[in-house]
Structures are given as C-alpha cells and as structure tokens.
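A short worksheet on the structure shown next.
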Amino acid sequence: MDKHLFNLKFAAKDLERNAKKSEKSEKEEKVKLKKAIQKGNMEGAKIHAENSIRQKNQALNYRRMSARIDAVAARVQTALTMKQVTGSMAGVVKSMESAMKSMNLEKVSVLMDRFEQQFENLDVQSQVMENTMCNTSTLTTPQGQVDSLMQEVADEAGLELNMDLPQAQGSAVGASASTQASQEQDELTKRLANLRQM
C-alpha cells in the first residue's frame, strides 16, 4: 500500500510539472500572437491565439487531474493511518482487559490516557484529510475565447486589431466571461464555507 501511495504522489507531481510546461508554452504563444498582430498577420495571430488557449486549457486539465490524484493519495494515507490506529487500539483494548482483570486502577488510567491520545491523533489526521478535500474542490475553470484573447493582447500592446468583429462585441464577451468567473468563484467560496462547517 505504501508503494501505491508513493506512486500516486509521484504522478501528482509529474502532472504539476506538465501544467507548468503548458503555462510556459501558453506565454510563448501569446508573444507570437502579439508579433503576428504587429505585422498585420491575422491568420497567424488566430493560430497563435488558438494554441495559447489550448495550452491554457491543457494546464488546467493537468492541474485538475493532479488535484484529483492528490485527493486519492490523501484517502490512501488516511486508510493506512486508520489501519495503524486500529492496530494500536486493539493492543490498548487487550491491555485494558488484562488490567481490568487485576483491577489495577493506576494501570487502567494510564491505558485510558493512551486510548484518548490515539483518538486525538485520528482527529488531527481526519482534519488534514478534510482540508485536502476542501482545497481540491475550490478549482475554477476560466473559459477563454480566441477573439477576446486576440483583443486583449492587442489592447495590451496598444495595437489596432483589424478583425471583422466589432469592438463592442469583443469587450462584451470579455465582460460576460469575467462576470461568470466571478459568480463561479462566489459559489465555490460558499461551498467551501459549508464544507468547513460540517
């Protein structure tokens, strides 16, 4: 079981590395997009915008999968811990039975302290797992559009974008996307608060 836990953690780190590579590629594509817009190459700009968005989505997918694997690893870790705690409790119960037979109250008291300590350890580990699960449920997935990305890069560079789309439409798409992302974030914040209260 320990070997599987190691493999899960390794896979999660590998996915995180891939997410960083995709983010790097996304930035490189944005630079190429800016250069294409400066040269007036709209067809090339569109290709670079599509590549940039694809790399961004790929990074999000890698991160999402990494978080899911982390959650599984946390569950496996909890299972291993539970197994250890259960074994410890069995030993304590056995010792308690023999202590009760001899009615050595001092020994019973010491064993009860150990028993309670095991439960405290279990509570701490359960809390860590809950926090891990809460963190994995707070992922957001922003949606990008090729035209709005091209407009954004052009605006940042102070360039005029010669596309068939009217200016207002590009900004409306960006505004609705940011409103939607804000609503999704609010919803996730409420869900996280509810999970923490449970």
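Arg54 pairs by the salt bridge (Lys or Arg N to Asp or Glu O under 4.0 Å) definition with nothing, not counting sequence neighbours. Taking Asn61 as the reference, Arg64 meet the side chain to side chain donor-acceptor pair (under 3.5 Å) condition, with sequence neighbours excluded. Asn41 is linked by a side-chain contact (heavy atoms from CB on, under 4.5 Å) to Ala36, Glu43, counting only residues two or more places apart in sequence or in another chain. For Lys24, the side-chain contact (heavy atoms from CB on, under 4.5 Å) partners two or more places apart in sequence, or in a different chain, are Glu28.
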Compile the donor-acceptor pairs under 3.5 Å between side chains in residues 8-23 and protein atoms, sequence neighbours left out, one pair per line.
| residue | atom | partner | partner atom | Å |
| --- | --- | --- | --- | --- |
| Asp14 | OD1 | Arg17 | NH2 | 3.1 |
| Glu16 | OE1 | Arg63 | NE | 3.2 |
| Glu16 | OE2 | Arg63 | NE | 2.8 |
| Glu16 | OE2 | Arg63 | NH2 | 2.7 |
| Ser22 | OG | Asn18 | O | 3.3 |
| Glu23 | OE2 | Arg63 | NH1 | 2.5 |

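Taken together through direct or relayed side-chain contacts under 4.5 Å among Ile, Leu, Val, Met, Phe, Trp and Tyr, Leu80 and Val72 form part of one hydrophobic cluster. Placement of Leu5 and Ile69 within a single hydrophobic cluster is found when ILVMFWY residues are connected by side-chain heavy-atom separations under 4.5 Å, directly or transitively.
Asn51 CG to Leu33 CG: the interatomic distance, rounded to the nearest 0.5 Å, is 10.0 Å. Note that CG of Leu60 is 8.5 Å distant from CD of Glu26, once rounded to the nearest 0.5 Å.
Distance alone, capped at 3.5 Å, places no donor-acceptor pair between the Ser66 side chain and the Tyr62 backbone.
For the side-chain hydrogen bond (donor to acceptor under 3.5 Å, both in side chains) criterion with His48, the lone passing option out of Lys35, Lys30, Lys34, Glu29 is Glu29.
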